[in-house]
Amino acid sequence: MTIQWFPGHMTKARRQIEEKLKLIDVVIELLDARIPLSSRNPMVDEILKGKPRLVLLNKNDLADPQVTADWVKYFADQGLPALPIDAATGTHVKEILPRVKQLWAHKIERQLSKGINPRAVRALIVGIPNVGKSTLINQLAGKKIAATGDKPGVTKGQQWIKVGTEMDLLDTPGILWPKFEDQMVGMRLAATGAIKEELLHLDEIALFVVKYMVQNYGAGIQERFGVQDLPEDLDDIQEMVKVMEAIGRKRGAIVSGGKVDLDKASLIIIRELRAGKMGRISLEKPLDKR
Ligand code: G4P
């Protein structure tokens, strides 16, 4: 699902999350492990107003494990516990409940010391579209929940999903909008499929991917497409386009006259990246220039 965000949608989305926040104890902030900061809502700290928070780095099956480890440290340094998961397969999803309970342990202890039987901790999943919120809700529920995230402007009654006896999860996630201002952020979001590729030119996205891969994952391109000579100068666009053409030629993306169909080649590069065919690739590192 991709939503076209306009200021009115953002205001409504924010209001909907603020309504949900009144009901819950802990927020589960879902980010894309391949692009954690680019897949993060720019106003998330302000919107969540200091609620205890667990960061989940989802789609870690597609991300570079070493870079993900750097991100976990990055968030820990900011006082935010972060856990890499794959919501689609359920990998590490069982570790979410103990982490959420840790964030709520002080309240449980206080209730116990007053002789009150502690209730289940109430949690809400928030994140930008396509980051895996519905997939995660279904994994935690242990079954397919019909409801996907509510669209901005559409309200419905809240249902709780029991995750064991110790956590209640709101069945509709909080949908946040991504950052729009920064071009690099837009490229990362488009490359990973978080925003519609029609919003940007395919060849621009593919060029960004090829450049990042040449810089960081040259072997991935060489092994997948048999392109041996990779440019040394990262700013040489023509050389990068030659790599795209070599990939297109390898995959038979040729138009009449023997020229490479660059749009087709771009689509191949983007699809194969998203499917993890070129290996586990992260498109953002904690130290990348912003
Ligand atoms: P949302 O509610 O946040 O909008 O996201 P949703 O769960 O619908 O997931 C979006 C896409 O991401 C789905 O692919 C889903 O299967 C995929 N996905 C979710 N978690 C993971 C994960 O851990 N690893 C991988 N590799 N994929 C994951 P889809 O239905 O094929 O949609 P699309 O790819 O056509 O957009």
Side-chain angles (χ1 to χ4, degrees), residues 1 13 16-33 36 39-41 44 47-63 68 71-72 75-76 79-112 116-151 154-176:
M1 172 188 47
Q16 284 178 335
I17 290 194
E18 280 166 355
E19 285 302 310
K20 292 177 206 276
L21 284 177
K22 291 180 196 154
L23 307 172
I24 59 111
D25 305 318
V26 173
V27 175
I28 296 172
E29 185 190 6
L30 203 53
L31 303 178
D32 186 319
S39 60
R40 192 168 218 205
N41 173 275
V44 70
I47 293 170
L48 299 182
K49 296 189 184 79
K51 281 269 178 191
R53 191 183 340 167
L54 173 66
V55 169
L56 297 181
L57 301 171
N58 191 35
K59 307 194 186 184
N60 190 43
D61 53 315
L62 297 172
T68 300
W71 279 114
V72 170
F75 285 109
L80 276 174
L83 176 69
I85 63 157
D86 312 340
T89 59
T91 309
H92 297 303
V93 164
K94 286 217 157 41
E95 290 165 42
I96 295 173
L97 176 59
R99 297 291 197 100
V100 168
K101 274 169 57 191
Q102 257 170 23
L103 289 168
W104 202 236
H106 59 289
K107 284 280 172 130
I108 293 179
E109 273 158 32
R110 202 179 312 154
Q111 286 173 326
L112 284 172
I116 303 168
N117 226 356
R119 61 165 172 75
V121 53
R122 292 177 188 149
L124 166 70
I125 292 172
V126 303
I128 66 169
N130 246 357
V131 73
K133 298 177 298 298
S134 310
T135 309
L136 179 60
I137 289 175
N138 286 327
Q139 275 289 349
L140 286 167
K143 58 177 185 246
K144 194 142 178 66
I145 304 288
T148 47
D150 36 32
K151 297 214 165 61
V154 181
T155 45
K156 75 180 207 41
Q158 292 296 346
Q159 306 276 339
W160 294 96
I161 294 163
K162 291 219 156 299
V163 183
T165 54
E166 292 171 300
M167 179 160 89
D168 290 345
L169 182 70
L170 268 188
D171 74 334
T172 50
I175 303 178
L176 290 166

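None of the values given here were measured: they were computed from a predicted structure.
Considering Val126, Leu103, Leu124, Ile24 in turn, Ile24 is the only one that fulfils the side chain to side chain contact (heavy atoms under 4.5 Å, CB included) rule with Lys51. A side chain to side chain contact (heavy atoms under 4.5 Å, CB included) with Ile125 is found for one member of Ile175, Leu140, Ile96, Val131 and no other, namely Leu140.
Partners of Glu109 according to the side chain to side chain donor-acceptor pair (under 3.5 Å) rule, which considers only residues two or more places apart in sequence or in another chain, do not exist here. With sequence neighbours excluded, the residues that form a side chain to side chain contact (heavy atoms under 4.5 Å, CB included) with Ala63 are Ala33, Arg34, Asn60, Thr68, Ser282. For the side chain to side chain donor-acceptor pair (under 3.5 Å) test, no residue two or more places apart in sequence or in another chain qualifies with Arg99. By the salt bridge (charged side-chain N to carboxylate O under 4.0 Å, His left out) test, Lys94 is found to be paired with no residue, residues two or more places apart in sequence or in another chain being considered. For Asp86, the salt bridge (charged side-chain N to carboxylate O under 4.0 Å, His left out) test picks out no residue, with sequence neighbours left out.
At least one side-chain heavy atom of Val44 sits under 4.5 Å from a side-chain heavy atom of Arg53. Side-chain contact between Asn58 and Leu31 is absent, with no heavy atoms from C-beta onward closer than 4.5 Å. In this structure the side chain of Val72 never reaches within 4.5 angstrom of the side chain of Val55, judged on heavy atoms. Using a 4.5 Å cut-off on side-chain heavy atoms (C-beta onward), Ile137 and Leu169 make contact. Between Leu57 and Leu83 the shortest side-chain heavy-atom distance does not fall below 4.5 Å. Contact check for Ile161 versus Asp168: no side-chain heavy atoms found under the 4.5 Å cut-off.
What you find for Leu23 and Trp160 is that their closest heavy atoms are O-CH2, 3.6 Å. Summarising the geometry of Thr89 relative to Gln139, their closest heavy-atom pair is C-NE2, 3.6 Å, with the distance given to 0.1 Å.
Between Thr172 atom OG1 and Gln159 atom CD the span is 9.0 Å, to the nearest 0.5 Å. Expressed to the nearest 0.5 Å, how far CG of Asp32 lies from CD1 of Ile128 amounts to 7.5 Å. We find the NZ-CG distance between Lys59 and Leu30 to be 9.0 Å, quoted to the nearest 0.5 Å.
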Assess the residue pair Phe75 and Leu54 against the criterion (side-chain contact (heavy atoms from CB on, under 4.5 Å)); give the C-alpha distance rounded to whole Å, side-chain angles, the decisive distance to 0.1 Å, and a yes or no. CA-CA 10 Å; Phe75 285 109; Leu54 173 66; over 6 Å; no

As a quick check of understanding, evaluate side-chain contact (heavy atoms from CB on, under 4.5 Å) for Trp104 and Lys107, giving each step before the final call. CA-CA 6 Å; Trp104 202 236; Lys107 284 280 172 130; 3.5 Å; yes

From CA spacing to verdict: side-chain contact (heavy atoms from CB on, under 4.5 Å), Lys101, Met167: CA-CA 8 Å; Lys101 274 169 57 191; Met167 179 160 89; over 6 Å; no

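Checked by atom type and distance alone, the side chain of Lys49 never pairs as donor or acceptor with a backbone atom of Glu18 at under 3.5 Å.
Within the structure, salt bridge (charged side-chain N to carboxylate O under 4.0 Å, His left out) contacts touching residues 116-132 (residues at least two apart or in different chains) are Asp25-Arg119.
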